[in-house]
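Note sheet for the following structure.
Quick note: numbers below take in every heavy atom, side chains included, and nothing from hydrogens, waters or symmetry partners. Position 1 is the first residue of the sequence, and the numbers go up from there.
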Amino acid sequence: MADLSGPVAGTSTKTAPLNRRDSLLDAAGTLLAAGDVAGVTMESVASASGVSRALVYKHFGNRLEVLAALFERESRLLHAQLTRAVADAEDLEAKLRALVEGALAAQASRGATFAALLNQGGRPTNQRAVQRRRDRATIRYFAALAVAELGLEQRQAALVLQQWRHRPTPEHAAELADAYVAFAMGGLRRMSSA
């Protein structure tokens with residue numbers, strides 16, 4: 001996983017401006033979670049935060065900037081959460097399981113939020129590139145573990161591990177996690193014994 005040293009919004013000691021900005025994003029997130037995507041306006045964020053509209057405009061130029069900042073923050077927090085879960089696991093199999101189960105849990109808990117943000121134009125233009133970099137770093141990380149644990153060639157390990165990008169359905173989350181980990185570990189072990 002990519003190194004996430006440095007502060008992550010919402011998880012560290014913050015200065016007053018960052019506190020205010022995060023508080024405004026928290027209000028926007030609460031409005032979004034209530035199912036009122038169109039209701040996330042500069043006025044509603046100000047009202048929910050108990051501040052003036054002018055203060056919201058001090059931090060964000062318009063509604064789309066609020067939604068984009070919320071998308072970036074949620075994405076960063078999710079990445080940090082998955083990174084911690086993987087780092088806490090002991091070996092390749094446990095790390096794969098932590099990643100898959102974490103991704104499935106995130107889909108269940110945050111999928112609607114990300115979908116609403118995407119639907120409202122809240123995905124920043126650079127976010128796709130950020131996610132691609134994270135994905136490549138994740139593949140490299142797991143491939144290096146497979147090389148170290150199973151003696152595979154880097155190219156073989158990366159090829160098998162790229163399959164993690166499949167989009168799961170919430171109904172089959174537990175089965176998918178078991179199937180994926182079994183598939184990945186079986187494929188990697190088979191190649192290491194060949």
Got a list of side-chain donor-acceptor pairs under 3.5 Å for residues 51-58, not counting sequence neighbours?
residue : atom : partner : partner atom : Å
Ser52   : OG   : Leu55   : N            : 3.2
Arg53   : NH1  : Glu43   : OE2          : 2.5

Return the minimal non-hydrogen interatomic distance between Phe60 and Arg21, and the atom names on each side. CE2-NH1, 3.1 Å
Can you tell me how far the CZ atom of Arg123 sits from the CZ atom of Arg128, to the nearest 0.5 Å? 4.5 Å
Are any non-hydrogen side-chain atoms of Val37 and Asn119 less than 4.5 angstrom apart? no
Excluding sequence neighbours, so at least two apart, what forms side chain to side chain donor-acceptor pair (under 3.5 Å) with Gln127? Ser75
Are Val130 and His79 side-chain neighbours, meaning at least one heavy-atom pair lies under 4.5 Å? no
Sequence neighbours excluded and cut-off under 3.5 Å, please list the side-chain donor-acceptor pairs for residues 181-194, or say none.
residue : atom : partner : partner atom : Å
Ser192  : OG   : Arg189  : O            : 2.8
Ser193  : OG   : Arg189  : O            : 3.4
Ser193  : OG   : Arg190  : O            : 3.1

For the student: nearest non-hydrogen atoms of Leu78 and Ala106, plus distance: CD1-CB, 3.3 Å
Could I get the full list of side-chain contact (heavy atoms from CB on, under 4.5 Å) partners for Ala68, not counting sequence neighbours? Pro124
So, for Leu92 and Glu149, which heavy atoms are closest and what is the spacing to 0.1 Å? N-OE2, 2.6 Å
Whether the side chain of Ser44 engages the backbone of Thr41 through a donor-acceptor N/O pair (distance < 3.5 Å, no angle test) should be reported. yes
How far does OG1 of Thr83 sit from CZ of Arg134, to the nearest 0.5 angstrom? 8.0 Å
State, to 0.1 Å, how close Leu64 and Asn62 come at their nearest heavy-atom pair, and which atoms those are. N-OD1, 3.0 Å
Would you sort out whether Arg73 and Asp26 count as a side chain to side chain contact (heavy atoms under 4.5 Å, CB included), showing the intermediate values? CA-CA 10 Å; Arg73 183 181 77 167; Asp26 289 344; 2.8 Å; yes
Applying salt bridge (Lys or Arg N to Asp or Glu O under 4.0 Å) to Arg140 and Asp135, what does each step give before you reach the verdict? CA-CA 9 Å; Arg140 284 192 305 271; Asp135 291 347; over 6 Å; no
Minimum heavy-atom separation for Ala98 to Ala85, with atom names? CB-O, 3.7 Å
Is any side-chain heavy atom of Gln131 closer than 4.5 Å to one of Arg136? no
Verify the cluster assignment for Val147 and Leu150: are they in a single hydrophobic cluster under the rule of side-chain heavy atoms below 4.5 Å apart? no
Asp88 with Lys95: basic N within carboxylate O range, under 4.0 Å: no
Can you find a side-chain donor-acceptor pair between Arg110 and Gln81 that sits under 3.5 Å? yes
Residues two or more places apart in sequence or in another chain: which of them pass side-chain contact (heavy atoms from CB on, under 4.5 Å) with Ala105? none
Shortest non-hydrogen pair, Leu82 vs Ala103, comes out as CD2-N, 3.6 Å
To the nearest 0.5 Å, tell me how far Leu70 CG sits from Leu24 CG. 11.5 Å
Residues passing the salt bridge (charged side-chain N to carboxylate O under 4.0 Å, His left out) test with Arg63, sequence neighbours excluded, are none
Tell me, do Leu67 and Phe71 make a side-chain contact under 4.5 Å, heavy atoms counted? no
